[in-house]
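Here is the structure we will look at, set down as structure tokens.
Computed from a predicted model, the values in this text were never measured in an experiment.
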Amino acid sequence: MWFVFALITSLVNAFYFICSQFSKLKADLFIVYRGFIAALVTTPLIFVFPINFPWEFYGVILFQGFAISYMDYCYFKAFHKYGAENVNAITPLSVIITFSLWLLIDPNIVQVYLQTPYRSLLIVLSIIAIIFSVIKYQNKPIGLRCLKYVFPILFISSLTDISNKIIMNHANNHIIIASIYRVALTGWIIGIINTLGCIKKGYAIKEVFNTENFNKSLFIVLLILSMISLNLAMYYTPNPAYCSAIIYMSVIWIMVINQIRFIYGYKSIHQQIERKWIFSLLFAAIVLVLVTN
């Protein structure tokens, strides 16, 4: 079941990434609206479905809100310093970090892996193949200086994925409602922190909040759908790294969308991925799904 929601997340992410490429919203303002749009859409549902979740649930959400805000800030600095293409070529490495950290958090899964060594080997190899295929898609060499700079951010990204799994483990069978709570509460935290960041940079409130910016950010509704489907995937998966790996299938969906756009006469804004890496990514993803179910 987890892979269905992970695939849905990858598809929604593809549309979200393409829309964000066309958006003329400044990066500083984008991270404000990515929080507030998600919060404003989902918060009313909290009052419709009031549930008392354990304090750990809210504690992890608080961590996520601050972690995502800090991660956005660090990524934008890395993009400026090393280039988005170089940074994006490194980000898939967070999957193997997530996989390794989860072994420490859930020792029971280690026993499962040890009992089925050949299956476990296939899992590890398929994850590595997915990571390698996506890195080749970026077609950029990984510089050591860039890797050293970005690695702490990858670690935070992995902790965010893991904490997402932990949040959903505390859902108490209210997985849809818990997902909505997570989107709403992290949205408020992200929006407030990044608004304060904009004000610190010299933005006036009217520069941040106006109708024009709001209209440019409506596509962020896609992010809400992505977050909810990701939460459901995390709830069902035995290891959050599986979801993180499958979500990189978005590069294939982007290619398909670009091909359709090309047929109708629109120029692609994304580079083309070589067919061999498409097949490598697709094959590795199929293997991962088959051996984990």
Side-chain angles (χ1 to χ4, degrees), residues 13 16-17 19-40 42 58-95 97-98 101 138 140 142-164 166-167 182-210 213-214 216-217 219-220 222-224 226-227 230 240 244 247-248 250:
N13 279 359
Y16 173 72
F17 293 150
C19 288
S20 64
Q21 288 283 336
F22 285 108
S23 173
K24 299 186 183 300
L25 196 64
K26 292 182 179 178
D28 292 334
L29 300 177
F30 170 76
I31 56 180
V32 170
Y33 279 87
R34 72 166 279 189
F36 282 134
I37 292 288
L40 290 171
T42 54
Y58 299 102
V60 177
I61 282 180
L62 185 64
F63 161 78
Q64 276 206 330
F66 281 94
I68 292 171
S69 298
Y70 179 70
M71 195 165 55
D72 283 344
Y73 170 75
C74 290
Y75 271 128
F76 280 123
K77 282 187 65 177
F79 290 160
H80 179 73
K81 190 169 185 176
Y82 295 103
E85 294 84 0
N86 292 307
V87 175
N88 287 333
I90 295 173
T91 52
L93 296 175
S94 65
V95 177
I97 298 174
T98 303
L101 288 177
Q138 298 295 338
K140 288 285 181 178
I142 296 179
L144 185 59
R145 290 177 62 189
C146 183
L147 179 60
K148 287 181 178 179
Y149 188 88
V150 174
F151 185 81
I153 314 175
L154 300 183
F155 190 79
I156 296 173
S157 176
S158 296
L159 290 179
T160 303
D161 285 340
I162 289 170
S163 62
N164 199 2
I166 293 172
I167 286 173
R182 185 247 174 183
V183 173
L185 296 177
T186 55
W188 285 116
I189 296 169
I190 293 167
I192 291 170
I193 289 175
N194 288 304
T195 299
L196 295 175
C198 284
I199 293 172
K200 186 177 179 181
K201 292 176 182 177
Y203 282 86
I205 290 296
K206 64 181 180 181
E207 290 181 274
V208 179
F209 300 106
N210 55 57
N213 289 340
F214 180 78
K216 289 178 181 177
S217 63
F219 72 93
I220 292 175
L222 290 170
L223 181 62
I224 301 173
S226 170
M227 293 172 71
L230 172 60
S244 302
I247 288 170
Y248 278 107
S250 60

Original post:
Do the side chain of Tyr33 and the main chain of Val208 share a donor and acceptor less than 3.5 angstrom apart?
Top reply: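 Looks like yes, one N/O pair under 3.5 Å.
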Straight-line distance of [X] [atom1] to [Y] [atom2], nearest 0.5 Å:
{"X": "Ser244", "Y": "Leu230", "atom1": "OG", "atom2": "CG", "answer": "7.5 Å"}
{"X": "Leu159", "Y": "Met71", "atom1": "CG", "atom2": "CE", "answer": "9.5 Å"}
{"X": "Phe214", "Y": "Ile37", "atom1": "CZ", "atom2": "CD1", "answer": "4.5 Å"}

Original post:
Thr98: what forms a side chain to side chain donor-acceptor pair (under 3.5 Å) with it, not counting sequence neighbours?
Top reply: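 Result, side chain to side chain donor-acceptor pair (under 3.5 Å) vs Thr98: Ser158.
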Do the non-hydrogen side-chain atoms of [X] and [Y] ever get within less than 4.5 Å of each other?
{"X": "Asp72", "Y": "Phe30", "value": "no"}
{"X": "Met227", "Y": "Asn164", "value": "no"}
{"X": "Ser226", "Y": "Tyr16", "value": "no"}
{"X": "Phe155", "Y": "Leu101", "value": "yes"}
{"X": "Ile68", "Y": "Arg34", "value": "yes"}
{"X": "Thr91", "Y": "Ser157", "value": "no"}
{"X": "Ile199", "Y": "Ile205", "value": "yes"}

**OP:** Would you indicate whether Lys216, at its atom NZ, is surrounded by more than 12 heavy atoms from other residues, nucleotides or ligands within a distance under 6.0 Å?
**Re:**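 Counting other residues, nucleotides and ligands, NZ of Lys216 exceeds 12 neighbours.
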Excluding sequence neighbours, so at least two apart, what forms ring pair (Phe, Tyr, Trp, His ring centres under 6.0 Å) with [X]?
{"X": "Tyr203", "answer": "none"}
{"X": "Phe63", "answer": "none"}
{"X": "Phe209", "answer": "Phe36"}

Original post:
Do any pairs count as a side-chain hydrogen bond (donor to acceptor under 3.5 Å, both in side chains) and have a residue in residues 185-200, sequence neighbours left out, and if so which ones?
Top reply: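 Qualifying pairs, neighbours excluded: Thr43-Trp188.
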Subject >> side-chain contact (heavy atoms from CB on, under 4.5 Å) against Ile189, all qualifying residues, sequence neighbours excluded >> reply: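 Per chain and number, Ile189 pairs via side-chain contact (heavy atoms from CB on, under 4.5 Å) with Leu62, Phe66, Ile193.
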Which heavy atom of [X] sits nearest a heavy atom of [Y], and at what distance?
{"X": "Asn213", "Y": "Glu207", "value": "ND2-O, 2.8 Å"}
{"X": "Ala184", "Y": "Ala39", "value": "O-CB, 3.7 Å"}
{"X": "Asn13", "Y": "Ser250", "value": "CB-CB, 4.3 Å"}

